[in-house]
Amino acid sequence: MEMLLSGNEAFARGVYEHGGEFASAYPGTPSTEILETLARQCKADVYCEWSINEKVALEVAVGASWGGARAIAAMKHVGVNVAADPLMTLAYTGVGAGLILVSADDPSLHSSQNEQDNRFYGKFASIPVLEPSDSQESLDFVKDAFEISEKFDTPVLFRVTTRIAHSKGLVKIGERRTVEHAGFEKNIAKYVMMPVFAIVRHKMVIERLEALKRFAETTHLNTVEMGDTKVGVISGSVAYQYAKEVLPGASFLKLGLSYPLPMNKIIDFASKVDRLIVVEELEPFYEEQILAVGIPCEGKKFFSNFMELNVERVREGFIEAGALPKSTALPKQAQENVLPRPPALCPGCPHRGLMMALKKCGVNITGDIGCYTLAALPPLETIDTCLCMGASINHAFGIEKAKKTKKKTVAVIGDSTFLHSGITGLANVVYNRGTQTTIIVDNRITAMTGGQDHPGTSKTLMGEPTHAIDLVQLVKALGVEHVRTVDPFDQKTTLAVLKEEIERDAPSVVITTKPCVLFPSKLKPATKFHVLLEKCTACGACFRIGCPAITASSEKNEKGRAKSQIDLELCTGCTLCFQVCPEEAIQELKK
Ligand SMILES: Cc1ncc(C[n+]2csc(CCOP(=O)(O)OP(=O)(O)O)c2C)c(N)n1
């Protein structure tokens with residue numbers, strides 16, 4: 001049977017079909033749908049969980065693998081940085097049953113803070129990297145990945161990119177097949193990485209890499225497609241699809257196992273073509289390794305490592321390389337006349353109320369990663385920093401200790417992010433006698449990635465009720481004595497509480513308590529608000545809160561400035577515009 005599946009859905013299907021029994025992840029675009037699909041369709045056979053962060057996700061998957069279950073841990077590319085500590089030594093211990101670490105990279109930063117190329121983690125840790133080039137391979141390669149993992153006693157890095165993860169293609173699906181493995185067995189030389197054992201395992205890693213190199217030469221994952229021998233193209237992942245579309249008649253060496261590289265196969269391929277061109281997205285990962293063994297090849301000078309490739313960019317690269325005549329250039333497409341739509345907080349988002357109040361506090365605001373990061377942009381312009389998850393609390397602390405900044409600094413962090421990697425930072429603030437205010441914007445969900453549960457929401461990914469961490473109790477236990485909760489839609493109280501806590505010469509935490517507006521089951525039925533045009537003076541106060549429900553009406557004031565109007569479809573009745581209107585022109589709509 002065939003199904004139309006995204007790469008993520010196909011990978012999930014592959015885990016099911018090839019006997020996966022354990023799957024963990026922390027959400028992050030473009031990887032999130034792997035666990036969502038598994039939990040929706042396969043939870044009777046595959047245990048699924050949202051882990052509290054990526055390090056935990058990898059470590060529990062390692063435990064499952066050592067315990068005899070084929071396991072996967074999925075995360076976005078920056079998540080692998082969080083999981084890098086266990087990963088580097090996991091390369092030494094090896095696995096029990098097959099273990100796959102999925103790294104979903106995001107060339108072009110569609111929804112990420114950087115464009116790092118995680119193929120390098122494979123080389124760094126000396127573990128194999130598999131890269132599917134479409135949905136079918138996303139399913140099929142799971143079988144190879146589990147088998148390689150078990151045969152070579154290694155975790156396998158399964159690297160996809162946004163276009164592979166989110167594009168759909170027809171996929172042949174099959175039945176589930178399970179493989180029996182023994183449970184955990186004591187073996188300290190393998191599982192206890194103290195120097196005396198680790199040194200032996202490191203030797204094993206080096207020998208294993210040699211064995212993997214030999215395997216790379218013969219595996220069906222790396223295929224040669226001979227065509228015209230003027231140009232030989234080495235490529236993999238989605239870049240292969242682009243290159244094949246643009247230069248279908250050329251000879252290709254397609255790499256499905258992209259680390260370690262099959263160097264003999266590459267040497268042989270190079271000897272059969274006049275010229276070797278490497279087409280790969282982001283960094284010159286293949287190119288540098290091929291050049292390092294003395295095989296002349298070209299790549300990055302035609303296909304830049306900046307932003308993702310596409311068919312057009314690959315066509316232009318081949319034209320520049322002289323592999324395609326200039327006449328094949330496609331006419332530049334006319335720029336579509338689309339109005340720019342900068343990302344904005346949703347109408348009714350509780351983060352807006354907090355940011356409006358914070359704007360009046362005259363403080364520096366170190367930010368974190370979540371929907372609230374959008375408040376860095378106009379018109380709110382409150383968030384001053386965003387580096388990586390959990391960093392906000394530590395940045396505020398560092399700025400305070402640097403003692404060069406007159407204004408006070410507060411940290412803003414989401415509930416999911418606080419649990420992911422903020423708790424340790426707050427403990428550090430208390431321990432090292434910081435005095436900052438930390439604001440936890442608790443909308444009771446991981447909103448930015450589409451609304452996943454976390455250890456504060458009382459529900460597991462398997463749909464079971466569970467304990468919900470009480471954030472007030474948690475931060476008190478860390479030693480924060482001044483902990484307040486506020487309703488961010490109540491501007492007066494929120495501002496008063498913030499001012500009081502910011503003034504304080506001791507660490508404090510303010511927790512906002514309104515849920516994400518996209519989870520309406522948690523909200524009261526909305527009262528809508530509208531603008532009384534006869535009272536509106538077009539002062540712009542309501543525009544400055546950045547609510548997409550508020551737009552310019554066709555009515556103008558005497559100076560020709562547009563008065564406001566509220567889109568009743570979008571209004572959630574949060575009351576923030578009502579609270580800022582100095583003319584009482586915004587009123588509740590009587591039913
Ligand atoms: C290490 C890492 N993992 C995952 C992500 C993807 N991601 C971005 S923000 C976010 C969490 C957002 O949830 P929360 O902190 O509750 O804020 P909200 O969006 O709900 O306001 C996640 C998982 C990331 N950027 N970095």
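The shown structure was predicted, so the numbers you read here are calculated from the model rather than taken from an experiment. Counting convention: from 1, in listed order, for ligands and their atoms alike.
Considering backbone and side-chain atoms together, Asp415 places an N or O closer than 3.5 Å to an N or O of ligand 1. At under 3.5 Å, a nitrogen or oxygen of Thr417, whether backbone or side chain, sits near a nitrogen or oxygen of ligand 1. For ligand 1, the polar-atom distance check against Asn443 finds a nitrogen or oxygen pair separated by under 3.5 Å. Of the N or O atoms in Ser416, one or more lie within a sub-3.5 Å distance of an N or O in ligand 1. The N/O atoms of Cys371, backbone and side chain alike, include one that comes under 3.5 Å of an N/O atom in ligand 1. Note: an N/O pair closer than 3.5 Å links Ala447 and ligand 1 by distance alone.
Residue Ile445 approaches ligand 1 through these ligand atoms, each under 4.0 Å from one of its heavy atoms: 16 (O), 20 (O). Which parts of ligand 1 touch Gln113 is read off a 4.0 Å heavy-atom cut-off, strictly below it: atoms 25 (N). Close contacts of ligand 1 with His351, meaning ligand atoms under 4.0 Å from a residue heavy atom, involve 21 (O).
No heavy atom of Met75 sits closer than 4.0 Å to any atom of ligand 1. Judged by the shortest distance from any of its heavy atoms, His454 lies outside the 4.0 Å radius around the atoms of ligand 1.
Proximity of Ile369 to ligand 1, defined as any heavy-atom pair under 4.0 Å, is shared by backbone and side chain alike. Heavy atoms of Phe418 found under 4.0 angstrom from ligand 1: none, in either backbone or side chain. Residue Met448 touches ligand 1 through backbone and side chain together, judged by heavy-atom distances below 4.0 Å.
The closest non-hydrogen atom to atom 3 (N) of ligand 1, taken over His420, Glu54, Lys76, Arg444, comes from Glu54.
For Phe141, there are no ring-ring contact (aromatic ring centres under 6.0 Å, His included) partners, not counting sequence neighbours. Applying the ring-ring contact (aromatic ring centres under 6.0 Å, His included) test to Tyr191 and every residue at least two apart in sequence or in another chain returns Trp66, Phe184.
The line from SG of Cys571 to CD1 of Ile550 is 8.0 Å long, rounded to the nearest 0.5 Å.
Between Thr366 and Ser392, the side chains place no donor N or O within less than 3.5 Å of an acceptor N or O (distance only, hydrogens not considered).
Nearest protein neighbour of atom 22 (C) of ligand 1, counting heavy atoms only, is Thr449 CG2, 3.8 Å.
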